[in-house]
Amino acid sequence: MSLIPPFNRKGLLPPGDYEVTFDELRQSPLVIGPEARHRRATWDAKWDAKWDAKWDAKWRATLLVNLEILTKQLWSLGITDVFADGSFAEDKDHPNDIDGYFVCDLDSLKSGRLVKDLNRIDPHKAWTWDPLLRQPFLGYPKRQLPMWHTYRVELYPHVAGFSGGTGILDRFGNELEFPSAFRQSRRDGSLRGIIKLKQG
């Protein structure tokens with residue numbers, strides 16, 4: 001039995017923090033999909049020649065492999081609190097990517113040491129949050145970070161108490177910190193669950 005519950009009626013992972021290993025996540029509804037009686041026909045039959053993904057389960061499994069690569073790079077530097085969600089935590093037929101955040105200290109982030117250390121590990125040197133390095137992608141309205149182009153995953157640094165930089169607002173126009181921003185759906189602000197990745 002999966003440690004992650006099925007999607008709720010709104011098609012969202014029910015609110016809560018679900019701490020799972022990558023092996024457990026691979027067996028969850030977020031990758032293999034809802035039970036047959038609850039799944040949309042397109043989950044299994046979707047064809048997207050651009051990404052060579054016959055089934056959404058296959059595409060989601062590919063996204064998960066990429067998330068694991070980046071998460072293990074963070075773990076190797078002693079960063080243990082890594083969270084993932086985005087449309088991956090919704091029953092969207094073909095999620096564009098996986099979004100998430102990780103908790104780090106301000107000094108390593110501000111000094112540039114964190115990016116330097118991560119890019120020393122990553123063969124693609126994809127770690128950066130510099131807006132000037134965002135590049136367009138055909139059919140997408142916003143420019144994407146190098147890690148998105150390489151992995152279709154975007155993981156953002158979070159320093160507790162430091163709210164700048166998310167660009168995600170609550171219904172009153174206040175900028176949210178990543179922990180709050182990533183626990184709600186961008187569709188309508190409904191609360192949704194998030195995955196905390198644990199080492200297996």
Side-chain angles (χ1 to χ4, degrees), residues 1-48 50-71 81-102 137 139-145 147-149 151-156 158 166-171 175-198:
M1 181 176 172
S2 173
L3 299 173
I4 298 174
F7 297 111
N8 64 21
R9 274 187 240 146
K10 290 188 172 187
L12 306 173
L13 179 63
D17 286 27
Y18 302 95
E19 190 169 351
V20 293
T21 65
F22 278 98
D23 286 341
E24 291 164 340
L25 191 49
R26 280 185 189 90
Q27 300 305 313
S28 78
L30 300 187
V31 176
I32 60 176
E35 295 175 22
R37 62 192 165 95
H38 296 299
R39 87 171 65 202
R40 297 181 197 163
T42 52
W43 188 290
D44 286 325
K46 182 87 169 178
W47 171 254
D48 183 342
K50 186 189 297 181
W51 294 104
D52 193 26
K54 266 187 174 175
W55 302 284
D56 281 345
K58 180 180 175 185
W59 171 239
R60 285 170 174 263
T62 299
L63 290 175
L64 191 59
V65 167
N66 292 344
L67 175 64
E68 187 170 15
I69 290 168
L70 294 175
T71 300
D81 293 339
V82 184
F83 299 85
D85 73 344
S87 54
F88 184 75
E90 301 182 1
D91 71 350
K92 184 174 180 179
D93 287 339
H94 199 71
N96 297 324
D97 53 30
I98 295 178
D99 297 309
Y101 73 93
F102 58 92
F137 188 79
Y140 283 74
K142 78 171 193 176
R143 295 158 98 63
Q144 304 290 350
L145 290 171
M147 78 173 70
W148 188 94
H149 285 278
Y151 295 105
R152 291 297 282 262
V153 173
E154 285 187 328
L155 296 176
Y156 293 92
H158 171 68
T166 68
I168 302 169
L169 307 177
D170 66 14
R171 65 178 189 244
E175 189 169 28
L176 296 169
E177 291 188 21
F178 284 117
S180 300
F182 280 116
R183 285 173 174 80
Q184 66 181 27
S185 172
R186 289 206 192 166
R187 284 186 219 161
D188 61 6
S190 296
L191 294 180
R192 74 171 171 213
I194 194 167
I195 302 303
K196 182 175 184 190
L197 300 160
K198 72 175 181 181

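For the numbers below, each heavy atom of this structure counts, side chains included, while hydrogens, waters and symmetry mates do not. Residue numbers count from 1 along this sequence.
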Criterion side-chain contact (heavy atoms from CB on, under 4.5 Å) on Asp85 and Ile195, from CA distance to verdict: CA-CA 6 Å; Asp85 73 344; Ile195 302 303; over 6 Å; no

Passes side-chain contact (heavy atoms from CB on, under 4.5 Å), Leu155 versus Leu67? Steps please. CA-CA 9 Å; Leu155 296 176; Leu67 175 64; 4.0 Å; yes

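For the pair Arg152 and Phe137, the distance from NZ or CZ to the six-membered ring centre is under 6.0 Å and the angle to the ring normal is within 45 degrees.
The shortest non-hydrogen separation linking Val20 to Leu25 is CG2-CB, 4.2 Å. Contact detail for Ser87 and Lys92: the closest heavy-atom pair is CB-CD, 3.7 Å. Considering every non-hydrogen atom in both Phe7 and Pro14, the closest pair reads CA-CD, 4.5 Å. Closest heavy-atom contact between Leu191 and Pro15: O-CG, 3.7 Å. Here the closest non-hydrogen pair linking Arg192 and Ser185 is NH1-CA, 3.8 Å.
Between the Arg60 side chain and the Phe88 main chain, a donor and an acceptor come within less than 3.5 Å of each other. Here the side chain of Asp99 pairs no donor or acceptor atom with the backbone of Gly86 at under 3.5 angstrom. With hydrogens and angles disregarded, a donor-acceptor distance shorter than 3.5 Å links the side chain of Thr62 to the backbone of Lys58.
Within 6.0 Å of the NZ atom in Lys196, the count of heavy atoms belonging to other residues, nucleotides or ligands exceeds 12.
For the atom pair CG of Leu13 and CG of Asp91, the computed distance is 11.0 Å after rounding to the nearest 0.5 Å. Note that NZ of Lys198 and OG1 of Thr21 are 6.5 Å apart. Values are rounded to the nearest 0.5 Å. In this structure, OG in Ser190 is found 12.5 Å from CZ in Arg9, a value given to the nearest 0.5 Å. Put simply, CG on Leu197 and CG on Leu70 are 11.0 Å apart, with the number rounded to the nearest 0.5 Å.
Residue pairs meeting the side chain to side chain donor-acceptor pair (under 3.5 Å) criterion with at least one member in residues 11-20, sequence neighbours excluded, are Asp17-Arg183.
When the side chain to side chain donor-acceptor pair (under 3.5 Å) test is applied to Asn96, the partners found at least two apart in sequence or on another chain are Tyr140.
Outside the 6.0 Å centre-distance limit, the rings of Tyr101 and Tyr156 are not counted as a close aromatic pair.
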